[in-house]
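Encoded as structure tokens, the structure appears first; notes follow it.
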Amino acid sequence: MPELPEVETIARDLASALIGQKVLKAEFLNTAIRENCYTREETDLNGKTINRISRRGKNLIFHFSENLAMVCHLKMTGRLLVDSDRSRDNKHLHFFMRLDKSDLSFYDVRKFGRICITAESELNQHPRLSKLGPEPFDITPAEFTDIVKRRSKSIKLILLDQEILAGLGNIYADESLYSAGIRPTLKPYRISRARLEILHGSIIEVLDVAIGNRGSSVDDYLDGFGQAGNFQNLIKVYGKTDQACPGCETPIKRIILGGRSTHYCMKCQK
DNA sequence: GACAACCTGACC
DNA sequence: GGTCAGGTTGTC
């Protein structure tokens, strides 16, 4: 479900509500969602204070006092909600944390999401975090081009690969390629450096606008307070199969790349 | 690369 | 009954 803009929105929401609060009790209601790389127990969080909440790629990271951290990945249908009404849905509630003044619930219909409790000082060894590529905002267009040019697979699959670039998922990969006028199937050796630098700018712009609109609620996504985002109203090609391209009216084409639906305009994207 | 697996629910 | 889903991982 959530990609970089959605996770960023949730991180900011949770930070605004929960920073400075102390954990009274943290518990897994379903240990299947506990990541097997954990090095600390949920009970270790009791009495600790949330100092900071950050994002890395699509991961949310809670930083507690006394060298404790918690890494959350929402995968497709995970939700982290402040003060949710648990009586409405406790079937899909898998983790719960009571704090001084609020509580935090982790829901996930499909149970793909994961939570890992570890030491702050061990975050750099976390199996997923340690392999992530750079954040799109942290590199220059030239650096982005260098990274992409080293790879041989199609540009869409490169954008989706979290070890190459962190944070893009299916919606924002399709939207960025549309904005840059690049066909998703192209391999980097067929794309000029100038066009790849434009693509980097498109990625930054699409992500910035999506963050400004609090993410895309295409299906399940809700922010930290249970509210939908707005970017789904600004999507140009993702999920728009057979609908008119906003630029030229040509019907949007859908193909499968790497097992994922891929949407593009065959006239605007060369 | 393609494909199945992990799960559940929505929709045709 | 079949298809599809904002993700990731592991296996031919």
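Everything numeric here is computed off the predicted structure, so don't read it as measured data. Numbered from 1 within each chain, the chains take letters A, B, ... in sequence-line order. Just so you know, these numbers use all the heavy atoms, side chains as well, and skip hydrogens, waters and symmetry mates.
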To the nearest Å, how far apart are A:N59 CG and C:dG6 P?
18 Å

When you check the phosphate oxygens OP1 and OP2 of B:dG1, does a side-chain N or O of A:K187 lie under 4.0 Å from one of them?
yes

In terms of relative ring orientation, are A:Y238 and A:H263 parallel, tilted or perpendicular, with 30° and 60° separating the classes?
perpendicular

Can you see if the side chain of A:Q162 gets near the phosphate of C:dG7 - specifically, an N or O under 4.0 Å from OP1 or OP2?
no

May I have the distance from A:L74 (atom CG) to B:dC7 (atom C1'), rounded to whole angstrom?
16 Å

Using a cut-off of less than 4.0 Å, is there contact between a side-chain N or O of A:R110 and OP1 or OP2 of B:dA10?
no

Would you mind telling me which of C:dG7, C:dA5, C:dT9 lies closest to the side-chain atoms of A:K58?
C:dG7

Stacking here means centres under 5.5 Å and planes under 30°; does A:F112 stack on B:dC6?
yes

Measure CG/A:L93 against P/B:dT8 and give the value in whole Å, please.
15 Å

Is A:T77 near enough to B:dC7 that one of its side-chain N or O atoms lies under 4.0 angstrom from OP1 or OP2?
no

Whole-Å distance between C:dC4 P and A:R260 CZ?
13 Å

Checking contacts here: which listed nucleotide (B:dT8, C:dT8, C:dG6) is nearest the side-chain heavy atoms of A:Y221?
C:dG6

Nucleotide nearest A:L157 (side chain, heavy atoms from C-beta), chosen from C:dT9, B:dG9, B:dG1:
B:dG1

Of all the base pairs, Watson-Crick or G-U under 3.5 Å, which form stems of three or more consecutive pairs involving DNA chain B?
B:1-6 with C:7-12, B:8-12 with C:1-5

May I ask you to check whether over 12 heavy atoms, not counting those of A:K253, lie within 6.0 Å of atom NZ?
no

Could you grab the distance from atom CG of A:L157 to atom OG1 of A:T262, nearest 0.5 Å is fine?
7.5 Å

Given side chains that start at C-beta, do those of A:I164 and A:K153 come closer than 4.5 Å, heavy atoms only?
yes

Should we say atom NZ of A:K267 is surrounded by more than 12 heavy atoms from elsewhere, each under 6.0 Å from it?
no

Could you work out the separation of C:dC4 and B:dC3 based on their P atoms and round it to a whole Å?
13 Å

A:H92 side-chain N/O to B:dG9 phosphate OP1/OP2 under 4.0 Å
yes

Between C:dT8 and A:H73, is there an OP1 or OP2 to side-chain N/O distance shorter than 4.0 Å?
yes

Is the shortest side-chain N/O distance from A:K111 to OP1 or OP2 of B:dC6 below 4.0 Å?
no

Can you tell which of C:dT8, B:dT8, C:dG6 lies closest to the side chain of A:D219?
C:dG6

Looking only at B:dG9, C:dG7, C:dT9, the nucleotide nearest the A:R128 side chain is C:dT9

Within a strict 4.5 Å, meaning less than it, do heavy atoms of the A:Y221 and A:P5 side chains meet?
no

Name the orientation class of the two ring planes belonging to A:F62 and A:F64 (parallel below 30°, tilted from 30 to 60°, perpendicular beyond 60°).
parallel

Same-atom distance (P) from C:dT3 to B:dA4, integer angstrom:
11 Å

Here the distance between atom P of C:dG7 and atom CG of A:L60, to the nearest Å, is 15 Å

Length of the NE2-P vector between A:H263 and C:dG6, whole Å
8 Å

Taking atom P in both B:dG9 and C:dT8, compute the distance separating them and give it to the nearest angstrom.
22 Å

I'd like to check A:L196 versus A:I155 (side-chain heavy atoms, cut-off strictly below 4.5 Å). Are they in contact?
yes

Determine the sole option in A:E163, A:E35, A:H73, A:Q162 for which the side-chain hydrogen bond (donor to acceptor under 3.5 Å, both in side chains) test with A:R128 is passed.
A:E35

Based on the glycosidic angle (syn within 90° of 0, else anti), state the conformation of C:dG7.
anti

Let me know the distance between CG of A:N230 and P of C:dG6, rounded to the nearest Å.
20 Å

Any side-chain N or O of A:K91 below 4.0 angstrom from OP1/OP2 of B:dG9?
yes

It should be established whether A:K75 places a side-chain nitrogen or oxygen under 4.0 Å from OP1 or OP2 of nucleotide C:dG6.
no

Using the six-membered ring for Trp and the full ring for Phe, Tyr or His, decide whether A:Y172 stacks on the six-membered base ring of C:dG6 (centres under 5.5 Å, planes under 30°).
no

